[in-house]
Amino acid sequence: MPIEFDNNLPIYLQIMTHLKRQIVTGLLQPGDKVPAVRELAAELTINPNTVQRALSELEREGTVESRRGLGRYVTSEEGKIMAIKKEMAGELLERFIGGMRELGFQGSDIAAIVADAVRTDARTETLTKGEAKA
């Protein structure tokens, strides 16, 4: 699980985001064991204290749960996972809308462009599914 670290953000926040992304995309399922601090630190070639901080923050947020003597596990609380997903979607939308506004688009223009892209994507998805069945 390589991470391309951004020098402008604290590493522990980037680890948190990476693990959250794995959770919301299903790579880490509810109830799955999260890699141990030392294992993750070695894999990412970073200080174990940094990984410990990220996992402690995730635990504080309720994203992971600590089980004494067994390690940390992804929360089984579906509502929490959905909240993380919505938060991440909101951040993506905020960056997208900000970029579109920088290009000079207004709200209604942005909405029309997004609606058109969604329709195009739906047609492509339908075609792809049709080809898979053939």
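Predicted, not measured: the structure shown is a model, and the values here were computed from it. Note that the numbering runs from 1 along the sequence shown for the chain.
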Is any side-chain heavy atom of [X] closer than 4.5 Å to a side-chain heavy atom of [Y]?
X	Y	value
Val74	Thr63	no
Ile110	Arg101	yes
Met16	Leu13	yes
Phe96	Val114	yes
Arg21	Lys85	no

Spacing of [atom1] belonging to [X] relative to [atom2] belonging to [Y], to within rounding of 0.5 Å:
X	Y	atom1	atom2	value
Ile15	Leu58	CD1	CG	9.5 Å
Glu94	Ile97	CD	CD1	8.5 Å
His18	Ile23	NE2	CD1	10.5 Å
Arg38	Glu43	CZ	CD	15.5 Å
Phe5	Ile46	CZ	CD1	4.5 Å
Gln14	Thr50	CD	OG1	11.0 Å

Self-check item: Qualifying side-chain hydrogen bond (donor to acceptor under 3.5 Å, both in side chains) pairs with a residue from residues 73-82, counting only residues at least two apart or across chains
Solution: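 Pairs touching residues 73-82 that pass the test: Glu65-Thr75.
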
Self-check item: Qualifying side-chain hydrogen bond (donor to acceptor under 3.5 Å, both in side chains) pairs, either residue in residues 106-120, two or more places apart
Solution: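 Those involving residues 106-120 are Thr120-Arg123.
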
Quiz item: Should Ile3 and Ile11 be counted in the same cluster of Ile, Leu, Val, Met, Phe, Trp and Tyr side chains packed under 4.5 Å apart?
Solution: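 Yes, because Ile3 and Ile11 connect within a single hydrophobic cluster, where side-chain heavy atoms sit under 4.5 Å apart.
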
Quiz item: In the single-linkage hydrophobic clustering (I, L, V, M, F, W, Y; side-chain heavy atoms under 4.5 Å), do Val118 and Met100 co-cluster?
Solution: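 Yes, because Val118 and Met100 connect within a single hydrophobic cluster, where side-chain heavy atoms sit under 4.5 Å apart.
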
Would you list the atom pairs, donor with acceptor, under 3.5 Å between side chains in residues 27-37 and any protein atom, with sequence neighbours excluded?
{"residue": "Gln29", "atom": "NE2", "partner": "Gly26", "partner atom": "O", "Å": "2.7"}
{"residue": "Asp32", "atom": "OD2", "partner": "Gln29", "partner atom": "N", "Å": "2.8"}
{"residue": "Lys33", "atom": "NZ", "partner": "Leu70", "partner atom": "O", "Å": "3.2"}

Quiz item: For the residue pair Gln22 and Thr25, what are the closest heavy atoms and their distance?
Solution: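 Heavy atoms only, the tightest pair is O-OG1, 3.4 Å.
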
Practice problem: For residues Pro48 and Ala41, report the shortest heavy-atom separation together with the two atoms involved. | Solution: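 For Pro48 versus Ala41, the nearest heavy atoms are CA-CB, 3.7 Å.
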
Quiz item: Any side-chain donor-acceptor pair under 3.5 Å between Gln52 and Ser56?
Solution: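 Side chains of Gln52 and Ser56: pair found under 3.5 Å.
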
Practice problem: Evaluate side chain to side chain contact (heavy atoms under 4.5 Å, CB included) for Asn49 paired with Arg53, printing each intermediate quantity in order. | Solution: CA-CA 6 Å; Asn49 292 334; Arg53 181 170 182 192; over 6 Å; no

Practice problem: Go through the steps for Arg67 and Arg72 under the test side chain to side chain contact (heavy atoms under 4.5 Å, CB included), then give the verdict. | Solution: CA-CA 6 Å; Arg67 298 181 189 162; Arg72 289 185 173 95; over 6 Å; no

Quiz item: Yes or no on side chain to side chain contact (heavy atoms under 4.5 Å, CB included) for Leu19 and Val64, after CA distance, side-chain angles and deciding distance?
Solution: CA-CA 10 Å; Leu19 289 171; Val64 299; over 6 Å; no

